[in-house]
Q: 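Structure provided below as structure tokens; questions to follow.
Naming: A, B, ... by sequence-line order, numbering from 1 per chain. Keep in mind that what you see is a predicted model, and the values were worked out from it rather than measured.
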Number of protein chains: 4
Amino acid sequence: MKGLGVGLIGSGFMGKCHAIAWNAVGTAFPDVERPRLVHLGDADADLAARRAREFGFARGSGDWHAVVEDPEVDVVSVTAPNQFHAEMTLAALKAGKHVWCEKPMATSLADAEMMAKAARESDRIAALGYNYIQSPAIRHIGRLLDQGAIGEPNHLRIEMDEDFMADPETPFGWKHASTSGYGALDDFAVHPLSLISVLFGRVGRVICDMTKPYADRAAGDGTRRAVETYDTASTLLRLENGMAATLLVNRSAWGRKGRIAVQIFGSKGSILFDQERFNEFQLYTTSDSPAEQGYRTVLIGPAHEPYGTFVPAPGHGLGFNDLKTIECRELVARIGGDMAARLIGFEAGLEIERTVHAMARSFDEGRWIGLR
Amino acid sequence: MKGLGVGLIGSGFMGKCHAIAWNAVGTAFPDVERPRLVHLGDADADLAARRAREFGFARGSGDWHAVVEDPEVDVVSVTAPNQFHAEMTLAALKAGKHVWCEKPMATSLADAEMMAKAARESDRIAALGYNYIQSPAIRHIGRLLDQGAIGEPNHLRIEMDEDFMADPETPFGWKHASTSGYGALDDFAVHPLSLISVLFGRVGRVICDMTKPYADRAAGDGTRRAVETYDTASTLLRLENGMAATLLVNRSAWGRKGRIAVQIFGSKGSILFDQERFNEFQLYTTSDSPAEQGYRTVLIGPAHEPYGTFVPAPGHGLGFNDLKTIECRELVARIGGDMAARLIGFEAGLEIERTVHAMARSFDEGRWIGLR
Amino acid sequence: MKGLGVGLIGSGFMGKCHAIAWNAVGTAFPDVERPRLVHLGDADADLAARRAREFGFARGSGDWHAVVEDPEVDVVSVTAPNQFHAEMTLAALKAGKHVWCEKPMATSLADAEMMAKAARESDRIAALGYNYIQSPAIRHIGRLLDQGAIGEPNHLRIEMDEDFMADPETPFGWKHASTSGYGALDDFAVHPLSLISVLFGRVGRVICDMTKPYADRAAGDGTRRAVETYDTASTLLRLENGMAATLLVNRSAWGRKGRIAVQIFGSKGSILFDQERFNEFQLYTTSDSPAEQGYRTVLIGPAHEPYGTFVPAPGHGLGFNDLKTIECRELVARIGGDMAARLIGFEAGLEIERTVHAMARSFDEGRWIGLR
Amino acid sequence: MKGLGVGLIGSGFMGKCHAIAWNAVGTAFPDVERPRLVHLGDADADLAARRAREFGFARGSGDWHAVVEDPEVDVVSVTAPNQFHAEMTLAALKAGKHVWCEKPMATSLADAEMMAKAARESDRIAALGYNYIQSPAIRHIGRLLDQGAIGEPNHLRIEMDEDFMADPETPFGWKHASTSGYGALDDFAVHPLSLISVLFGRVGRVICDMTKPYADRAAGDGTRRAVETYDTASTLLRLENGMAATLLVNRSAWGRKGRIAVQIFGSKGSILFDQERFNEFQLYTTSDSPAEQGYRTVLIGPAHEPYGTFVPAPGHGLGFNDLKTIECRELVARIGGDMAARLIGFEAGLEIERTVHAMARSFDEGRWIGLR
């Protein structure tokens with residue numbers, strides 16, 4: 001049996017991340033047939049050829065259509081800028097390829113709906129790049145919830161913060177224009193929503209407040225230009241299961257680099273997690289004797305699948321790129337027919353997009369908005 | 001010069017806390033004349049006599065009026081249950097005594113307004129027991145904000161959580177009846193609001209969501225009784241200065257014991273604080289060189305007033321009761337005419353009560369409520 | 001019954017600390033008769049009178065003999081400089097007073113032996129001010145060890161570090177002269193040895209290395225003077241029970257303010273503690289299920305005696321001075337005949353002094369030294 | 001130009017780790033020509049063929065000599081059990097191959113000396129697998145020391161602890177027999193020594209104490225067998241530069257999974273690091289203003305080379321295997337003539353082995369042992 005033929009569109013941050021995953025997946029996971037790296041597409045032919053050589057792809061093209069139409073390609077990684085996601089995935093699905101598209105799904109809800117429809121009507125796998133759901137800690141937290149380790153969950157808080165927009169001296173850029181979307185909602189809120197999706201299910205209703213820490217920024221021409229997107233978004237939520245939750249995101253939060261802080265409270269304990277230290281989680285359980293109850297800091301190890309396939313000794317740590325390799329393994333397994341593989345497909349991805357748009361609307365209208 | 005004559009009403013948790021403070025204040029603070037512990041009142045004469053002996057008061061009475069009317073008493077600590085605050089403080093002010101009343105101010109907004117009016121019309125000092133504003137860390141954070149250490153603050157998050165209501169097996173008690181108030185709003189939200197009051201000023205508008213983690217609890221008679229108060233309250237706020245903030249409280253949060261987690265983001269850095277480790281705070285500033293920027297964990301020491309009057313060596317730690325001793329010193333100083341003393345007076349306390357009631361109303365009506 | 005009559009010699013750092021404890025002990029501990037603060041002695045009569053007024057003592061004297069000989073005094077707190085400990089405690093014991101002497105016991109082993117002999121031959125209580133053994137966390141750790149919570153302990157590491165000598169620009173002072181003792185051994189090592197004493201018993205043999213981070217310091221006269229004491233001392237130990245241990249101390253450790261980090265490893269778990277956060281400890285136990293094993297951070301609360309007498313809610317925190325109040329309670333209880341009271345008496349204190357001298361000798365001779 | 005031809009001997013834990021690195025290095029590092037994975041050798045031909053397919057090697061052999069003699073192989077990864085290191089590396093060097101050998105170098109000092117001699121006499125690169133020196137944090141700490149960020153370093157403490165030997169119920173295994181070496185010294189002490197080697201230089205003298213937490217263990221036949229190796233080793237050191245240091249290792253330390261805790265104290269600050277959270281380090285510097293001095297927790301990011309080649313956003317985290325990929329890049333660069341590449345060569349590796357043997361001797365003889 002020969003491995004999957006891989007096409008990759010884009011070779012920037014996430015393109016390289018996909019490339020590292022495609023190179024590693026067969027080595028790290030003995031249960032996955034080593035894929036063949038076939039075709040890399042990027043903006044121009046020279047760059048594509050250079051990246052193909054670096055990343056181990058057989059050939060490169062300056063036109064992404066060549067990747068999508070390559071008969072040796074079975075699955076296409078779409079890592080190009082967000083506004084191209086719809087066109088590329090639709091073309092790939094039409095050409096009979098499986099699709100692995102980076103988040104967010106699309107720049108409009110209409111596009112996302114079209115993509116979900118195309119995926120639904122095909123017999124191909126269409127998955128989104130929500131890698132944070134893949135970490136051994138998050139997977140284990142899911143198991144703990146299923147086992148009732150903290151009883152019945154009754155409250156949830158998630159924060160996601162970074163500081164790449166925090167400097168008021170940073171000039172006006174494309175992410176400050178409303179054409180890029182709402183701001184922190186698109187950049188960040190979708191990630192916590194992917195965690196809610198796999199751990200707790202669907203969102204019922206929301207009310208959101210958003211702010212612009214800096215009203216304007218230096219434009220290139222010596223003037224100031226009004227910022228059109230929101231760096232912070234704070235949302236109260238009710239999940240469909242009735243649980244109350246809060247989702248707070250901020251891309252101007254000085255000091256935060258990759259924080260996704262999760263607090264889950266239940267009737268018999270609670271669980272804490274922070275993506276900045278994603279090789280550990282904290283568990284508090286009332287089954288410990290009263291004078292010794294406290295948050296246990298559990299270091300991830302072979303007891304937390306699939307850590308052990310990377311390192312057999314506990315506490316040695318996975319990296320961000322390893323999460324993508326796990327995601328890649330899940331994709332290959334799903335393509336191979338494993339329905340238990342853990343992925344955010346286009347249907348679940350569409351639900352996340354709908355929630356984000358509802359948040360924005362609740363801010364505009366100053367009131368709670370129901371998802372359905 | 002002889003010291004202030006002190007009366008104390010109540011000798012439970014907070015009564016003992018006041019007693020420890022009145023015993024310590026003269027010893028710890030050389031700038032304060034040692035007070036005279038005159039008269040302790042409690043529910044019955046025997047208990048009052050016993051506590052007076054233990055706590056070092058000259059005499060005890062089973063009727064609080066005797067304390068209020070004792071001519072040797074200059075200032076009255078009111079630590080009786082919340083429903084008595086109004087009657088006692090009004091009587092004390094009328095008798096010409098200064099008042100130090102535990103929070104919350106009263107069980108109704110009308111009572112709180114009456115108390116504030118009485119204080120305004122007297123020439124006595126009337127202060128509330130908001131001790132968390134007194135910690136050296138919070139004081140220093142205030143100075144850092146004033147100095148622009150993190151530039152212009154633009155976002156605030158506060159959480160206050162404990163777990164004394166977290167056990168679903170705890171039977172129905174008075175705090176589960178609506179006669180006790182709203183629930184977590186009264187128990188907890190007032191504390192973060194006291195911090196907002198001293199650090200950032202007044203609240204402009206709010207929208208709150210509240211939940212009951214457990215719908216009912218065992219009643220004494222073998223039946224279940226519906227819980228009427230809310231253990232969680234999650235609020236989006238806008239301050240009068242325009243800043244957005246979130247205030248999340250939960251008294252059913254397993255694992256949290258005395259958490260008041262504060263995150264303040266500004267244009268040049270950020271500050272973190274948690275009351276569970278109130279002898280430290282964290283500062284992130286962009287004035288550090290880029291490759292060495294990170295949250296500094298600053299241990300409180302003599303550089304953070306008034307720590308040094310308790311211990312001259314840094315990092316040795318103050319305790320919860322020391323915060324009350326500091327508050328006591330501020331009260332004595334204010335009575336002595338020091339207008340710079342740091343206290344939540346009845347006027348600021350009333351503003352806190354109004355905010356709490358606005359939160360509750362925003363929940364009832366499902367919309368933003370303005371404070372004015 | 002009237003309370004103990006208290007005399008206090010010295011009103012500096014530790015004198016004030018004793019004064020705070022004597023003021024608080026009756027209020028905090030209902031089982032202790034409130035002491036009477038009788039007589040304070042300090043270097044001159046004016047200072048003594050002022051401090052007596054501040055600290056609540058009935059009278060003050062410029063001559064410590066007046067305190068020791070005061071017939072109303074039952075117990076004498078000795079907090080004067082180390083070189084006076086022997087003379088003062090011997091006089092107090094001879095006058096039939098109980099003694100509470102600050103650590104270290106004396107400046108020479110001969111003095112310490114004389115003090116222990118005097119105490120042994122008297123019927124008075126003679127205790128040393130080793131307050132770190134009193135914290136609820138350390139007490140609870142002792143109980144956990146006794147209960148076998150971590151199985152059979154087999155390895156111990158203790159570090160004690162501060163940074164008050166870390167600045168090379170600090171001029172030569174009395175603590176840099178060999179007349180003050182060895183250096184970090186006297187200042188610090190005695191504290192970890194007090195913990196070893198209560199948790200594990202006696203030391204068997206030691207080998208120590210010591211260093212001077214700064215060879216010389218500025219003398220007042222513009223010249224440099226060679227430093228004669230050692231700021232670091234690193235020791236390998238074997239306890240009498242066979243356990244191996246390490247004891248590392250450093251008073252020039254920039255960044256450390258009051259660190260006493262303890263690591264105890266056993267056959268079924270381990271325990272961590274750090275005095276800089278002494279309101280918590282960490283427990284790892286193999287009785288937790290494998291995928292959820294981790295260090296639990298236990299916040300001190302009413303389950304950890306005697307925290308609850310200070311604050312009934314967990315996680316609110318005790319302070320450094322509260323440890324002294326607990327020590328004071330133990331002293332009063334022991335004077336009252338309670339043999340279970342937890343104290344480092346003069347006999348155990350002498351053993352600590354002997355260990356320190358053995359460490360110094362092992363450094364001088366470059367070899368292991370047995371204690372007996 | 002075609003990439004290096006790679007041979008790999010062994011496909012267990014470290015063999016897979018090398019394989020992941022060889023697969024990733026070209027993708028992650030654009031400055032490195034993508035290597036060709038040529039030949040994998042393992043214990044039998046079937047296993048070797050299977051692993052070759054999984055790991056992406058062109059062919060596999062059941063005899064390691066075939067790998068060493070393969071003319072397409074330029075560099076050989078030696079990851080077979082320690083007792084084979086000498087024979088394999090000598091054969092590879094003799095065949096004109098570069099060598100990348102896992103630590104420890106060999107099972108006897110004589111073998112290590114022979115290996116170092118062979119490397120010295122060849123014109124090939126011979127490097128050891130000390131991956132912890134490669135982390136961005138450790139590299140940055142090295143730069144900070146060079147820049148004087150903490151002034152003149154004067155004290156060092158390193159601990160390395162795991163718990164894979166902590167369970168007394170684990171039966172007697174080959175690591176409990178003296179034929180495997182000394183115990184924790186071989187397993188662990190060599191790693192901290194590699195850090196000392198790159199950060200501070202050579203060790204001058206040592207005195208070590210070692211213990212066996214469990215005297216005997218269950219043998220297969222129902223009897224108990226005496227343990228011959230030492231799970232703990234505690235060492236006092238003096239470096240050649242005069243600095244005092246401590247090196248404490250324990251492989252029976254319940255709760256520790258991959259701890260390498262480093263504390264470096266200097267005249268103007270200090271640095272902390274722990275491998276269990278190797279994506280961060282802590283810096284304390286006196287150049288911060290006094291009231292805001294504290295340990296800064298710096299999250300690793302693009303400012304800390306070569307993190308940025310893996311992820312362009314800070315705080316997202318590298319994993320254990322990424323350290324090996326960095327090491328691999330350094331090896332390829334050194335083979336390509338880059339003398340600045342960071343590696344522990346056979347000469348430095350031999351010095352580490354000598355230090356370990358000196359430690360063992362100092363324990364046997366109960367006295368300080370000089371390295372030269």
Q: Taking non-hydrogen atoms and a cut-off under 4.5 angstrom, which of residues 364-372 of chain A neighbour chain B?
A: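 At a heavy-atom separation under 4.5 Å, chain B is reached by A/Gly366, A/Trp368.
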
Q: Using non-hydrogen atoms and a 4.5 Å limit, figure out which bit of A/Ser234 sits close to chain B: side chain, backbone, both or neither.
A: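 For A/Ser234, backbone and side chain are both near chain B.
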
Q: Select one option (side chain, backbone, both, neither) describing which atoms of A/Ala253 are under 4.5 Å from chain B's heavy atoms.
A: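 Its backbone and side chain both get close to chain B.
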
Q: How would you list all residue pairs meeting side chain to side chain donor-acceptor pair (under 3.5 Å) that involve residues 264-273 of chain B, not counting sequence neighbours?
A: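 Qualifying pairs: B/Ser270-B/Tyr295.
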
Q: Against chain B, label A/Met243 side chain, backbone, both or neither, depending on which of its atoms sit under 4.5 Å from a heavy atom there.
A: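 For A/Met243, neither part sits under 4.5 Å from chain B.
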
Q: Tell me, for A/Asp231 versus chain B, whether the close heavy atoms (under 4.5 Å) come from the side chain, the backbone, both or neither.
A: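 Contact with chain B: none, neither part.
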
Q: Could you list which of residues 137-152 of chain A have a heavy atom closer than 4.5 Å to any heavy atom of chain B, in residue-number order?
A: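 Within residues 137-152 of chain A, near chain B: nothing under 4.5 Å.
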
Q: Side chain, backbone, both or neither: which part of A/Thr286 has an atom under 4.5 Å from a heavy atom of chain B?
A: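 When you check distances to chain B, only side chain atoms of A/Thr286 fall under 4.5 Å.
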
Q: As a quick check of understanding, evaluate salt bridge (Lys or Arg N to Asp or Glu O under 4.0 Å) for B/Asp161 and A/Arg157, giving each step before the final call.
A: CA-CA 12 Å; B/Asp161 304 309; A/Arg157 293 181 190 155; 2.8 Å; yes

Q: Starting at CD of A/Gln263, measure out to CG of B/Leu248 and round the result to the nearest 0.5 Å.
A: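 If we round to the nearest 0.5 Å, A/Gln263:CD and B/Leu248:CG are 8.5 Å apart.
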
Q: Going from OG1 on B/Thr235 to CG on A/Leu236, what distance comes out if it is rounded to the nearest 0.5 angstrom?
A: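 One gets 7.5 Å once the value is rounded to the nearest 0.5 Å.
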
Q: Can you tell me how far the CG atom of B/Asn250 sits from the CG atom of A/Asn154, to the nearest 0.5 Å?
A: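 The CG atom of B/Asn250 sits 7.0 Å away from the CG atom of A/Asn154.
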
Q: Between A/Gly269, A/Gly294, A/Ala166, which has the largest tally of heavy atom pairs under 4.5 Å with chain B?
A: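 The candidate making the most pairs under 4.5 Å is A/Gly269.
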
Q: Could you please state which residues from residues 211-219 of chain A sit under 4.5 angstrom from chain B, measuring non-hydrogen atom to non-hydrogen atom, sorted by number, or 'none'?
A: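 Residues of residues 211-219 of chain A touching chain B at under 4.5 Å: A/Thr211, A/Pro213, A/Tyr214.
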
Q: Just give me the residue among A/Arg238, A/Gln293, A/Glu169 that pairs up with chain B most often, heavy atom to heavy atom, under 4.5 Å.
A: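 Among A/Arg238, A/Gln293, A/Glu169, the one with the most close pairs to chain B is A/Arg238.
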
Q: Step by step, work out the side-chain contact (heavy atoms from CB on, under 4.5 Å) result for B/Phe265 and A/Arg256.
A: CA-CA 10 Å; B/Phe265 297 101; A/Arg256 304 306 195 181; 4.2 Å; yes

